Student: 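Have a look at this one before I ask anything.
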Amino acid sequence: MFPGSKIRTGFSMKISGVRPTRPDLHNVAAELGIGTRDVLIKDGILTVYNTSDVCQEIIDDNALASFVSMALDISSEDISELKEVVEEPVKIEFDPSDFEDDEDDE
């Protein structure tokens with residue numbers, strides 16, 4: 001999540017029979033009119049964050065699984081466990097001293 005951005009909502013779904021590649025995820029994003037950063041896959045679970053009017057229209061028409069299956073060139077039967085998700089913000093903590101230069105400035 002980018003600092004200052006609002007928490008995204010979307011849908012996750014289990015994808016069977018294929019392991020999507022980065023170009024596949026870019027195709028999904030293009031089909032849904034969303035950014036490539038709004039499509040994620042981890043352990044066979046594809047997450048699509050709804051960040052565009054086009055995507056909202058597809059969701060309103062209950063056609064998300066169909067669009068994803070077309071973009072991945074798989075059967076819609078290979079998509080299961082469709083559920084709503086809310087992005088979980090991750091707070092990144094670091095110690096600024098880790099980035100200090102150890103050399104003496106003379």
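In this text, all values refer to a predicted model and were calculated from it rather than measured experimentally.
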Student: Look at the side chain of S52 and the backbone N and O of L32, then say whether any donor-acceptor pair between them is shorter than 3.5 Å.
Tutor: yes

Student: What is the distance from atom CE of M13 to atom OG of S76, rounded to the nearest 0.5 Å?
Tutor: 12.0 Å

Student: What's the verdict on side-chain contact (heavy atoms from CB on, under 4.5 Å) for V18 and D73, showing C-alpha distance, side-chain angles and the deciding distance?
Tutor: CA-CA 10 Å; V18 67; D73 197 26; over 6 Å; no

Student: Would you give the length of the straight line joining atom OG of S16 to atom CD of E77, rounded to the nearest 0.5 angstrom?
Tutor: 11.0 Å

Student: Could you tell me which non-hydrogen atom of P20 sits nearest to which non-hydrogen atom of D24, and how far apart they are?
Tutor: CA-OD2, 3.4 Å

Student: Say you draw a straight line from CG of L64 to CD of Q56; how long is it, rounded to the nearest 0.5 Å?
Tutor: 10.5 Å

Student: Linking I/L/V/M/F/W/Y whenever any side-chain heavy atoms sit under 4.5 Å apart, do I74 and F67 land together?
Tutor: yes

Student: How long is the span from the NZ atom in K83 to the OG1 atom in T47, to the nearest 0.5 Å?
Tutor: 9.0 Å

Student: Tell me whether the count of non-hydrogen atoms from other residues, nucleotides or ligands lying under 6.0 Å of CG in D53 goes above 12.
Tutor: no

Student: For the OG atom of S66 and the CD1 atom of I79, what is their distance to the nearest 0.5 Å?
Tutor: 8.0 Å

Student: About how many Å separate NZ of K14 and CD of E81, when rounded to the nearest 0.5 Å?
Tutor: 5.5 Å

Student: Ignoring hydrogens and geometry beyond distance, is a side-chain donor-acceptor pair present between N27 and E31 at under 3.5 Å?
Tutor: no

Student: Checking side-chain contact (heavy atoms from CB on, under 4.5 Å) between I15 and each of L72, D78, I45, which is the one that passes?
Tutor: L72

Student: Please give me the minimum heavy-atom distance between F11 and V85, naming the atom from each residue.
Tutor: N-CG2, 3.8 Å

Student: If two hydrophobic side chains count as joined below 4.5 Å and joins carry through other members, does L40 share a cluster with V28?
Tutor: no

Student: Among the clusters formed by ILVMFWY side chains lying less than 4.5 Å apart, do V39 and I41 turn up in the same one?
Tutor: yes

